[in-house]
2 protein chains.
Amino acid sequence: MELEDRKSKILTAIIRNYLETGEPVGSRTISKFTDLQLSSATIRNEMADLEEMGLIIQPHTSAGRIPTDKGYRFYVDQMMEARKHEFDDEKQLLLQRVDRMEAALKQLAKVLAANTNYATLVSAPTYTQNKLKFIQLSRVDEAKILAVIMTQANIVKSTLVDLNEDISEDDVLKMNVLLNASLNGLSVDEINLNIINSLKTEAKELSRAVEPILTAIAQAVTGDKDEPQIYTSGTTNIFKYPELSQSNSATELIGAFEEKQPLNELVLSSMNKEGIQVYIGEESPFENLKDCSVVTANYDLGDGLHGIVGIVGPKRMDYERVVGTLHGLKNQLDAIYKEMGTKKISDSGIGKDE
Amino acid sequence: MELEDRKSKILTAIIRNYLETGEPVGSRTISKFTDLQLSSATIRNEMADLEEMGLIIQPHTSAGRIPTDKGYRFYVDQMMEARKHEFDDEKQLLLQRVDRMEAALKQLAKVLAANTNYATLVSAPTYTQNKLKFIQLSRVDEAKILAVIMTQANIVKSTLVDLNEDISEDDVLKMNVLLNASLNGLSVDEINLNIINSLKTEAKELSRAVEPILTAIAQAVTGDKDEPQIYTSGTTNIFKYPELSQSNSATELIGAFEEKQPLNELVLSSMNKEGIQVYIGEESPFENLKDCSVVTANYDLGDGLHGIVGIVGPKRMDYERVVGTLHGLKNQLDAIYKEMGTKKISDSGIGKDE
DNA sequence: GTTAGCACTCGAAGAAAATGAGTGCTAATA
DNA sequence: TATTAGCACTCATTTTCTTCGAGTGCTAAC
C-alpha cells in the first residue's frame with residue numbers, strides 16, 4: 001500500500017507513541033511529538049483519513065487513536081523494508097557456550113526472554129533427514145536388546161527392543177554387523193521395503209528379529225511427532241502488558257506455554273518459511289494468539305537439523321528491536337555451530353566436550 | 001492441641017464452609033449449618049474464644065471469620081488422624097500404562113491437575129543409588145568414544161567422551177571388557193579411588209583413558225543436580241482462586257512453575273519425609289508459596305528410584321480430597337511398578353515394551 | 001450457660017458529580 | 001486551497017457521597 005508521505009509519518013508517529021505508552025494517542029501529542037510543524041487540528045483531519053483507511057481506530061469517541069492490525073502491518077512492512085540490510089548484529093546476546101543441546105536451547109529461551117521482556121519459545125531441532133552413523137546392539141537379557149543409534153549430527157538415541165524370543169550373544173553380534181553394513185549412511189526415510197527384505201534374507205534364521213529392531217530404530221530416530229520438544233521462557237512477561245494479562249485469553253496463553261503441545265501449530269507453520277516472520281494478531285496461525293503478535297526466526301544447523309525461535313508479545317511489541325535481536329541471533333547461532341564443527345550434539349543431553 | 005468438643009465442631013464447621021465458599025463465615029451461618037442447635041449469639045462467644053486462640057481471624061470488624069494457618073493446621077491434623085486407615089483407594093485415577101517414564105510422569109501431573117483443579121508437580125525419580133548393569137563403549141572417531149550405561153532399573157544414559165588422544169578399535173574393546181568386569185553391580189557411589197586405581201593398573205597403557213570415561217559415566221548417571229527434572233501441569237488452575245491470582249505472588253508462582261528450578265527446594269525438602277506431607281502457608285519450605293498450601297507424597301519405585309508428587313493450591317484447598325487422591329495414587333504407583341517388574345524405564349525416553 | 005435484643009462498625013455497591021483528554025465541525029486566516 | 005484557532009460536545013475515569021446490610025460485641029433476661 002502506498003501512502004501519502006505526511007500520512008505515513010503521522011501513522012508512524014502514532015504507532016511509535018502507542019508502542020511506548022500503550023495508551024491511545026491524541027492529535028495534540030502528535031502535533032508536538034513530530035517535527036511536522038502541524039497543528040492538532042490538521043493532524044485530526046489526517047487521522048480521520050487514516051481511520052477511514054482502516055489503519056487506526058478509536059476505542060471510543062473522545063479517545064485518541066490506536067493502530068489496527070492493518071496499521072501494524074503497514075508499520076512492520078515499512079520497517080522490515082527499510083532495515084533489511086542494516087540489522088544490528090553488534091548487540092549480540094551473551095550466549096555462553098554450553099555442552100548440551102537441551103541446556104543450550106533452554107538457556108537461549110531464557111536469555112531471549114530476559115532481553116526482550118516477552119515470552120519466548122525455542123523448538124528443538126527436528127532431524128528426520130539425518131543419516132545414521134552407527135548402530136550398537138547390546139544384549140540385555142534373553143529376549144531383550146538395547147539398541148543405541150548415533151546419527152551424523154552426533155545425536156544419540158537408545159531404545160530397548162523386546163524380541164519375544166530368545167537370542168544368543170553371538171546372534172546379537174551378527175545382527176549388529178549386518179545392520180551397520182546395510183544401514184550406515186542412510187537416513188531413516190531411505191530405509192524402504194527393499195532394504196528391509198534384503199536384510200531379512202541376509203539375517204537368515206534371525207530374520208524374525210529384524211523387524212522389531214528396525215521399527216524401534218525408526219521410532220527412536222523419528223522421535224515423537226505428537227510431542228514436540230519446545231522450550232519456553234518468560235511466560236510471566238505477559239503480565240507486564242495489561243492488554244494481555246487482563247484479556248481472558250491470558251490463561252489460555254499461559255496454559256499453551258505450559259502444555260507446549262498447542263504451540264506446535266505455530267512451530268510447524270513457521271518452520272517452512274525462510275527468514276524472519278511477523279504475525280500480527282489475527283494473522284497468527286494459532287487461535288489463542290489472536291491478541292498477540294509473534295515474531296519467529298528459523299535456524300538451520302546443517303545436517304538437516306532445523307527449528308525455530310519465537311517471541312510472543314502484545315501487538316504493541318517493539319518490532320524493531322525484536323526483529324533486530326532475532327536477526328542477530330540467527331547469525332550468531334550459525335556462527336557458533338559452524339565453529340562447533342564436529343563437536344557433539346547429544347539428545348539425551350549427556351554429550352560432553354572435553 | 002486439645003480442644004473442647006464444641007469448639008472443635010464449630011471450628012471444623014467454619015473451615016468446611018470457608019473451603020467451599022472462600023467467603024468469611026458468620027455466626028448465623030454456623031448456627032444454621034451445624035446440628036449443634038445453638039443460637040448465633042452462643043456461636044459468637046465461642047468464635048471470640050477461637051479467635052483468641054489464634055485459630056480464626058476477622059479480616060475486618062463486622063466481617064465473618066476465616067481460618068488462620070494455625071486453624072488449617074488443626075483441621076488437617078485432625079483429618080489426617082481420623083482418616084488414617086480409611087482412605088478412598090477405590091477412586092483410582094485413570095492412569096493408562098505408558099511406555100516411557102517421562103511421558104508417564106507428564107501424564108501423571110496432567111491427570112492429577114485435571115482431577116483436583118490445582119497446580120501439580122511431579123519430580124522425576126533420582127537414582128543415585130542405582131547399580132550399573134552394563135557399560136557399552138563404541139568408538140565414534142579417532143579420539144571419541146560413545147559410552148552407553150544401563151542400570152539395574154533399566155535406565156539408559158549415553159555420553160560422548162573426548163579422550164584427547166587417539167584410541168584404536170581394539171583398545172576400546174579391551175576397555176569395554178575391563179570396565180564391565182570391574183564395575184558391574186556397583187552403584188556410582190561405590191566407585192571409589194581404590195577401584196579407579198586398580199582399574200588404571202589393569203588398563204596399563206590405556207590408563208589415561210580411564211579417568212575421562214569414569215568421569216563421564218559418573219556425570220551421566222548422577223544427572224544434573226542443579227537442573228532437577230520436574231514435570232508440572234495445571235498452573236493456570238491458580239486463576240480459579242481469586243485469593244491467589246490477585247495476590248501479587250501469582251506471577252512469581254507461575255514463574256516458578258515455568259522455570260522449575262525454584263521448585264527444587266520443595267522437592268528436596270519433602271523427598272526425605274515419609275508419606276504424605278501438608279504444608280500450610282508459611283510452613284512451606286519455599287518462600288513464594290506462602291500464600292498457598294502444598295500437599296506432597298513421595299513415591300518409591302524400588303532400586304533406589306524415588307521422587308515426589310505435589311499439589312499446590314490455595315490455603316482453602318480441599319485437603320480431604322487431595323490427601324485421599326495422593327494416598328490412592330501412591331498405592332497405585334506402587335502396584336503398577338511392582339507389576340512392571342523387569343520392564344524397562346528408559347531415560348532418554350525411547351524405551352519400548354513389546 | 002444460653003439467648004434475645006440492640007447499637008455499632010465498616011466494607012461493598014451504587015449514584016451523582018467533577019474532571020479532562022480528545023474529538024468534529026466551523027469560520028477565519030495565509 | 002490548505003491550515004489553523006476556537007468552541008461545543010462526548011465519554012471514560014476519578015472522586016465523593018450515600019445507602020445497605022452482614023456481622024459483631026455487649027447487656028440484660030431467661
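Throughout, protein chains are lettered first and strands after them, A, B, ... in sequence-line order, and every chain is numbered starting at 1.
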Counting only heavy atoms not in B:Arg28 (residues, nucleotides, ligands), do more than 12 fall under 6.0 Å from its CZ?
no

Is atom NZ of B:Lys7 surrounded by more than 12 heavy atoms (other residues, nucleotides or ligands) closer than 6.0 Å?
yes

Between [atom2] of [N] and [atom1] of [X], the distance in whole Å:
X       : N      : atom1 : atom2 : result
B:Ile10 : C:dT2  : CD1   : C1'   : 12 Å
B:Glu46 : D:dG25 : CD    : P     : 13 Å
B:Ile43 : D:dG23 : CD1   : P     : 13 Å
A:Leu38 : C:dA30 : CG    : C1'   : 15 Å
B:Met47 : D:dA22 : CE    : P     : 15 Å

Could you tell me whether A:Tyr241 and A:Tyr118 have their ring centroids closer than 6.0 angstrom?
yes

With a non-hydrogen cut-off below 4.0 angstrom, is [X] in contact with a base, only sugar-phosphate, or nothing?
X       : value
B:Thr42 : base
B:Ser40 : nothing
A:Glu23 : nothing

Is A:Glu243 salt-bridged to A:Lys315, going by a charged N under 4.0 Å from an acidic O?
no

For [N], take OP1 and OP2 only and decide whether either is under 4.0 Å from a side-chain N or O of [X].
X       : N      : answer
A:Arg6  : D:dT3  : yes
B:Arg28 : C:dA4  : no
B:Arg44 : C:dT3  : no
A:Thr61 : D:dT10 : no

Under 3.5 Å, is there an N or O donor on one side and an acceptor on the other linking the side chain of B:Ser62 and the base of C:dT9?
yes

